[in-house]
Amino acid sequence: MNHKEREIEAFLAKKSKAAIVLEMLLNREYVTASDIINYYKQQDPNSPIVFTTCPHKLIETIREHFGYDFVKDVEKPFFRVQYSSKGKQYKVSDTYKEYFLDKLVGV
């Protein structure tokens with residue numbers, strides 16, 4: 001086990017919310033803020049809805065510990081349909097971030 005792997009194992013052993021998010025990142029191609037917010041609900045439909053109200057802070061904690069480049073992100077555009085007060089339908093564009101681990105840093 002190399003130094004980075006030992007560091008990751010020690011971070012995961014803390015069982016903090018940031019550690020749970022790191023585990024999600026290790027086991028998925030990418031994670032979104034919605035994935036983090038709804039983590040408990042994904043594990044157990046009877047659990048509270050909100051895991052955290054500040055998912056970007058958990059990502060920031062991981063970056064502070066392992067370096068900013070450890071967790072990469074990319075903004076993805078999407079469109080959603082909304083309705084005016086008169087019932088007219090229109091599209092609104094927005095973006096969300098996908099967070100993923102940089103495989104080049106030895107994860």
**Prompt:** Quick one: does D35's side chain have a donor or acceptor within less than 3.5 Å of a partner on V31's backbone?
**Reply:** no
**Request:** Apply side chain to side chain contact (heavy atoms under 4.5 Å, CB included) to the pair K72 and Y99, showing each step before the final yes or no.
**Result:** CA-CA 6 Å; K72 301 284 191 181; Y99 299 98; over 6 Å; no
**Asked** Is the closest side-chain heavy-atom distance between I20 and K15 below 4.5 Å?
**Response** no
**Request:** Would you check if I36 and T52 make a side-chain contact, meaning some heavy-atom pair closer than 4.5 Å?
**Result:** yes
**Asked** At their closest point, which heavy atom of L12 faces which heavy atom of A19, and how far apart are they?
**Response** CD2-O, 3.3 Å
**Request:** Return the minimal non-hydrogen interatomic distance between A18 and I62, and the atom names on each side.
**Result:** O-CD1, 3.5 Å
**Prompt:** Are any of the side-chain heavy atoms of V92 and F79 separated by less than 4.5 Å?
**Reply:** no
**Request:** Evaluate whether atom NZ of K76 has more than 12 neighbouring non-hydrogen atoms of other residues, nucleotides or ligands under 6.0 angstrom away.
**Result:** no
**Message:** Please tell me whether F51 and Y39 form a close aromatic pair, meaning their ring centres lie under 6.0 Å apart.
**Reply:** yes
**Request:** Inspect the surroundings of CZ in F11 and state if more than 12 heavy atoms from other residues, nucleotides or ligands are less than 6.0 Å away.
**Result:** yes
**Asked** Mind checking whether F70 and L22 have side chains closer than 4.5 Å, heavy atoms only?
**Response** yes
**Asked** Is T61 close to H65 at the side-chain level, that is, under 4.5 Å between some pair of heavy atoms?
**Response** no
**Asked** Is the closest side-chain heavy-atom distance between E5 and N2 below 4.5 Å?
**Response** yes
**Prompt:** Is there side-chain contact between S93 and K91, with heavy atoms separated by less than 4.5 Å?
**Reply:** no
**Prompt:** Would one find more than 12 heavy atoms of other residues, nucleotides or ligands at under 6.0 Å from atom CD of Q82?
**Reply:** yes
**Item:** pair V74-F100: side-chain heavy atoms closer than 4.5 Å
**Value:** yes
**Item:** Donor-acceptor pair, side chain of R63 and main chain of V71, under 3.5 angstrom
**Value:** yes
**Message:** Between Y83 and Y90, is the ring centroid distance below 6.0 Å?
**Reply:** no
